[in-house]
Every structure is written in C-alpha cells, then in structure tokens.
Amino acid sequence: MAPILLPSDVGEIWRRAPQRRHRVASIRVAPPYDLGRTLECGQVFRWTLHGDEAVGTFRGRRWTVRRDGNLLRAHLDGVASGRRQVAPLWRHLATDAPLSLIEERLARDPVLRRILPHTTGIAIMRQDPWECLVSFVISAFNNIPKIRQSVEQLCRRFGEPVPGGGYAFPTAARLAEARPPALRACLLGYRAPYVRGVARAVADRMVGLSRLAAVPYEAAREALVALPGVGEKVADCVLLFSHGHTEAFPVDVWIQRAVEEAYFRGRRTPGAIREWARDQFGPLAGYANQHLFLAARSGLI
DNA sequence: ATTCAGGTGCGAG
DNA sequence: CTCGCACCTGAA
C-alpha cells in the first residue's frame with residue numbers, strides 16, 4: 001500500500017493553536033468534535049461521563065461540562081463566585097483541534113475511511129504530563145477499571161481536596177516521599193516501585209517533564225524510556241496525550257492486532273508497526289492511532 | 001476456581 | 001539485539 005504523505009501543516013496547526021485570553025463559560029465546537037468520544041476513547045482516566053454531562057478535575061478544580069449540540073458549557077463546581085479563566089479547560093479538552101481537516105486527511109487511507117464514520121470526533125487532549133505519566137505507568141498489564149481505581153486511590157490518599165469534591169492528582173514530591181506500603185494500598189501491585197521511581201525522578205528534576213513538549217520527539221522519547229516502568233508504549237502515550245507530539249503512535253496489544261489484521265495480514269513487531277505508522281501518517285499518526293484503537297475495541301477490526 | 005487485563009524488565013541464546 | 005517469561009490483584 002502506498003504511503004500517504006501528509007503535509008506537516010496539520011500537526012502544526014493543532015500544536016500552535018492560539019489560546020484565547022478572554023473568559024468564556026461556553027464555547028461552540030466545530031463538527032465533528034465529540035466530547036464523549038474524546039473522553040472515553042482511552043486517553044484519559046479521570047473524567048466521567050453521564051449522558052451529555054462530563055465531570056472531571058483539572059488544575060485543582062472540579063468541572064462539569066455539559067454538551068448542548070455544538071455548544072459546550074463549563075461549570076466550576078464548589079466555587080460560589082468569582083469567574084475563573086476557562087480557556088485552559090478548553091485547551092485541555094482540545095476543542096480547538098481542526099478535526100474536519102485532520103479526518104479528511106486520514107480518510108485518504110482506505111482502512112481509516114471505512115472506520116471513521118464509527119469513530120469520528122475524537123480530539124487528542126492536552127493532559128498534565130505528570131498525571132499522564134503516572135496513569136500510563138499504572139496501565140501496564142492492567143485493566144481499565146482497575147487503572148481508574150488505582151488513580152483515584154492515589155488522589156484520595158495523597159492529593160489535595162478540591163472545592164467541588166474529590167481530590168487533585170498528587171504532586172511528584174508528595175508521591176516521592178510516600179511509604180511503599182501506602183502506595184501498594186492503592187492497588188498498584190508490582191507497579192508501586194515504578195510509581196515511586198518516576199516520582200523521585202521528576203521531583204528531583206532528573207527529567208524536565210514539562211519541557212519535553214519543546215524537545216524533538218525522538219529525544220523526548222529517550223528521556224522517558226529511561227524512567228522505571230516506562231517502556232516504548234507508555235512513553236508514546238505520554239508524548240501524544242500530554243506533550244503534543246502527534247507523530248507518536250503507541251503500540252499496545254489492541255493496536256498491534258488491528259494493524260496486523262487490517263494492513264499486513266501477518267505478524268509485525270511493535271517497533272516495526274510504530275515506524276510504519278510514522279511513515280504512513282506522519283504528524284497525524286497519533287490521531288490515526290486513536291481511531292484504530294477505538295475501532296479495535298469496538299470490534300470493527 | 002480459573003482466567004484475563006491498554007507492558008515492562010529481566011535473563012538467556 | 002531479539003525472544004520468552006514472570007508479574008500484583010480485582011473482576012468476570
């Protein structure tokens with residue numbers, strides 16, 4: 001199959017999207033943005049969805065976001081007065097991602113053209129790198145309900161209470177000083193030392209986690225893989241979901257099976273699949289990944 | 001009771 | 001450097 005050469009401009013448009021400075025409690029999102037699909041396609045673990053209402057903690061505040069057609073309304077829970085800057089929340093939810101352009105480009109690939117009608121509207125969020133890193137370290141050889149429980153336990157035991165209810169994600173310094181038994185009590189199992197390890201590395205500035213967005217993909221990846229409990233797949237998740245490296249293509253068992261089935265009809269190593277995806281989709285590899293992942297989990301591939 | 005789950009770090013060849 | 005294997009533990 002001929003590689004689909006994608007101009008790098010799409011990735012750049014997304015990455016450099018202007019941040020609105022004024023306060024807005026609501027925002028109109030361009031089709032096909034789908035809040036529910038964005039929150040439930042597996043990139044984030046702490047947002048919960050109830051029909052058209054999403055609840056999540058972001059930057060130490062509890063938010064409720066209601067969807068009304070193409071309009072999203074944000075409510076700050078537990079804060080009686082004093083409006084607050086909402087723009088960072090929209091940025092977090094990636095409401096500015098040029099999805100129609102991205103999906104139009106992705107549809108040049110025959111496989112994606114077939115599944116896109118079932119997966120359209122996914123935006124790749126901009127998550128806090130530290131929370132994202134810990135979440136995906138926990139995700140290794142684990143199942144989603146338990147991952148969510150573990151993250152929630154970490155917040156409950158080590159995070160600061162949040163006005164609207166619940167707890168913020170704990171800081172690296174806080175987790176670095178946590179006792180191993182207390183960490184294991186968060187259902188972490190054998191991953192407890194990994195969480196402690198990454199906490200220490202980040203707290204001690206062994207790795208400039210928040211600066212990796214400005215570091216080229218390959219170099220940023222190397223820095224992450226050096227951390228305990230962080231392999232190729234977890235590194236790619238962090239680079240994609242929190243650092244804006246949309247050329248990252250995390251290969252888990254679902255993606256591996258889907259790509260082998262739909263593109264190769266034969267076995268490939270995770271590394272080979274990752275390299276193939278970067279070549280095939282360029283700066284949109286991460287978006288392709290999310291659509292293929294959701295399609296695989298939905299039984300479409 | 002047995003099996004499975006969004007990988008990673010190991011040692012062995 | 002690639003390959004095979006063990007691994008905490010709750011939920012089905």
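Note on naming: letters A, B, ... go to the chains in the order of the sequence lines (proteins, then strands), and numbering restarts at 1 for each one.
Among the atoms of the strands shown, base atoms are found under 4.0 Å from some heavy atom of A:Arg297. Looking at heavy-atom distances under 4.0 Å, A:Val137 makes no contact with the nucleic acid at all. As judged by a 4.0 angstrom heavy-atom cut-off over every strand, A:Leu183 is placed among residues making no nucleic acid contact. The residue A:Phe293 sits close to a base: some heavy atom pair falls under 4.0 Å. A:Leu187 comes within contact range of the sugar-phosphate backbone alone, with a heavy-atom separation under 4.0 Å but no base atom that close. Across all strands, A:Gly42 comes closer than 4.0 Å to base atoms (heavy-atom distances).
When each of A:Tyr190 and A:Pro145 is assigned the nucleotide of DNA chain C with its nearest heavy atom, A:Tyr190 is the one assigned upstream, toward the 5' end. The nearest heavy atom of DNA chain B to A:Phe136 and to A:Pro228 marks one nucleotide each, and the one closer to the 5' end goes with A:Phe136. Taking for each of A:Thr269 and A:Gly189 the nucleotide of DNA chain C with the nearest heavy atom, the 5'-most of the two is the partner of A:Thr269. Along DNA chain B, the nucleotide closest to A:Ala235 and the one closest to A:Asn142 are compared, and the more 5′ of them pairs with A:Asn142.
Closest approach to the A:Phe241 side chain among C:dC7, B:dG9, B:dG6 is made by B:dG6 (side chain taken as heavy atoms from C-beta onward). Taking only side-chain atoms of A:Ala140, from C-beta outward, the nucleotide of C:dC3, C:dC8, B:dT8 with the closest atom is B:dT8. Comparing B:dG6, C:dT9, C:dA11 by their nearest atom to the side chain of A:Lys146 picks out C:dT9. Distance from the side chain of A:Lys233 is smallest to B:dG7 among C:dC8, C:dG10, B:dG7.
In the model, A:Thr64 has no side-chain atom that pairs as donor or acceptor with a side-chain atom of A:His75 under 3.5 Å.
Separation of the P atoms belonging to C:dA11 and B:dT8 is 24 Å when rounded to the nearest angstrom. With both ends at atom P, the span from C:dC8 to B:dG11 equals 15 Å, rounded to whole Å. Rounded to a whole angstrom, the distance from the P atom of B:dG6 to that of C:dC3 is 24 Å.
Atom CG in A:Leu224 sits about 12 Å away from atom P in B:dG9, given to the nearest Å. Atom CD1 in A:Ile147 sits about 17 Å away from atom P in C:dC8, given to the nearest Å. Distance CG (A:Asp236) to C1' (B:dG7): 13 Å, rounded to an integer number of Å.
Centroid-to-centroid, the aromatic rings of A:Tyr167 and A:Phe158 stay 6.0 Å apart or farther. You'll find the ring centres of A:Phe281 and A:Tyr287 outside the 6.0 Å limit.
Only A:Asp252, A:Val253, A:Trp254, listed by number, bring a heavy atom of residues 249-256 of chain A to less than 4.0 angstrom from any atom of DNA chain B.
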Taking only Watson-Crick and G-U wobble pairs with both distances under 3.5 Å, what dot-bracket line describes DNA chain B, where [ ] shows pairs that cross earlier ones and | shows pairs with another strand?
.||||.|||||||
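Taking the six-membered ring where the residue is Trp, A:His92 and A:Phe58 present parallel rings, their angle staying beneath 30° rather than reaching 60°. A:Tyr190 and A:Tyr194 have perpendicular rings, their planes meeting at more than 60° on a 0 to 90° scale where under 30° would count as parallel.
Electrostatic pairing of A:Arg174 and A:Glu177 counts as a salt bridge here, judged by a charged N lying under 4.0 Å from a carboxylate O. Between A:Arg268 and A:Glu260, no side-chain nitrogen of the basic residue sits less than 4.0 Å from a carboxylate oxygen of the acidic one, so the salt-bridge criterion is not met.
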